[in-house]
Number of protein chains: 2
Amino acid sequence: MDHQECHQHLNAIEDAVYVIGGKWKLRIILSLQQQALRFNEIQREVGGISAKVLSNELKDLEENGFVKRREYPGFPMKVVYELTDYSNSLKSVMIELSQWGRSHKEFIKRNHQA
Amino acid sequence: MDHQECHQHLNAIEDAVYVIGGKWKLRIILSLQQQALRFNEIQREVGGISAKVLSNELKDLEENGFVKRREYPGFPMKVVYELTDYSNSLKSVMIELSQWGRSHKEFIKRNHQA
DNA sequence: CCGCATCCACCAGGATACTG
DNA sequence: CAGTATCCTGGTGGATGCGG
């Protein structure tokens, strides 16, 4: 792997980490796993997130194609957010990360005891 | 996958992202791929990182078992950092992330054109 | 050379209050 | 209900200077 190639590789990884990183993105996605939810429902489900931040996060997730915002007219306004099919493309990455994270925790624990 | 299980899963993922996330960790690891380097060499190689931050990052990487700090006495002091064997355990995660990141970039590009 | 201590600027994100 | 506006705080990270 030469320098150029390595740099591309790095960029792609950093993109990926950026997209799913941060404190909230994954939690929001998880909260929508079972069913579509409304803004306040997500806020309650995730817990501890302010409206401003949730609003921004949802915009990001929508831009990245993970979430679909669906607006129903009327008063009061009703809006639901649901996961897109594309959000499933995250599955293999998440499994890989989860496995590594779990085994890493074991590794650290062993090392700290030793 | 019930709630409990899901929560464990989430934690493991967040641990993993935390460990390799941030602006510098991966770049530092990459810089040590070919050979062990001294503090200032890493700083130059990575580019744009301050001594304080590099110092902290190296401590994190050492605690997580990715990097080994090797100190040679004398004056001036000589210190080199090298990757551990354990750092290879990141490989499959990084490949997965890189592939997903690359394909996601394509996905976004197509969607923006459309 | 290595790397910590100090000081400082910036900004992500929380709390609250408010509008459509 | 869905979000925005405003204000404010804490923490991250840059710059510089010093000590081992």
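The chains referred to below are lettered A, B, ... by the order of the sequence lines, with proteins before strands, and numbering in each begins at 1.
Contact annotation: A:Lys59 does not reach the phosphate of D:dA2 (side-chain N/O to OP1 or OP2, under 4.0 Å). The phosphate of D:dG3 has OP1 or OP2 within less than 4.0 Å of a side-chain N or O from A:Arg69. Contact annotation: B:Asn56 does not reach the phosphate of D:dG13 (side-chain N/O to OP1 or OP2, under 4.0 Å). Residue B:Ser55 places none of its side-chain N or O atoms closer than 4.0 Å to OP1 or OP2 of C:dG3. Phosphate proximity of C:dC2 to B:Arg38: present, with a side-chain N or O under 4.0 Å from OP1 or OP2.
When the nucleotides C:dG3, D:dG14, D:dG3 are ranked by their closest atom to the side chain of A:Ala51, D:dG3 comes out on top. If you check D:dG14, C:dG14, D:dG3 against the side chain of B:Ser50, the one that comes closest is D:dG14.
Taking atom CH2 of residue B:Trp24 and atom P of nucleotide D:dG13, one finds them 9 Å apart after rounding to whole Å. C:dG20 atom C1' lies 7 Å from atom CZ of A:Phe75, rounded to whole Å. Distance CZ (A:Arg70) to P (D:dA2): 15 Å, rounded to an integer number of Å. Per the geometry, CG belonging to A:Leu58 stands 14 Å off P belonging to C:dG13, to the nearest Å. The separation between B:Arg27 atom CZ and D:dG13 atom P is 13 Å, rounded to whole Å. Between the CG atom of A:Asn40 and the C1' atom of D:dG3 there is a distance of 9 Å, rounded to whole Å. Look at OH on B:Tyr81: it is 14 Å from P on C:dC1, rounded to the nearest Å. When the C1' atom of C:dG3 is taken as reference, atom CE of B:Met77 falls 8 Å away, rounded to whole Å.
A:Arg27 and B:Glu14 are joined by a salt bridge, as a carboxylate oxygen and a charged side-chain nitrogen come within less than 4.0 angstrom of each other. Salt bridge present: A:Arg70 and A:Glu82 bring a charged side-chain N and a carboxylate O closer than 4.0 Å.
Not a single donor-acceptor contact under 3.5 angstrom links the side-chain atoms of B:Lys52 to the base of C:dG3.
A:Glu71 places no side-chain N or O within 3.5 Å of a backbone atom of A:Lys78 that could act as its donor or acceptor partner.
Nucleotides of DNA chain D nearest to B:Glu57 and A:Arg44 differ in position, and the one nearer the 5' end is that of A:Arg44. In terms of position along DNA chain C, the nucleotide closest to B:Pro76 lies nearer the 5' end than the nucleotide closest to the other residue of the pair A:Gly48 and B:Pro76.
Side-chain atoms of B:Asn64 and A:His104 include a donor-acceptor pair closer than 3.5 Å. A donor-acceptor pair shorter than 3.5 Å cannot be found between the side chains of A:Ser92 and B:Trp100.
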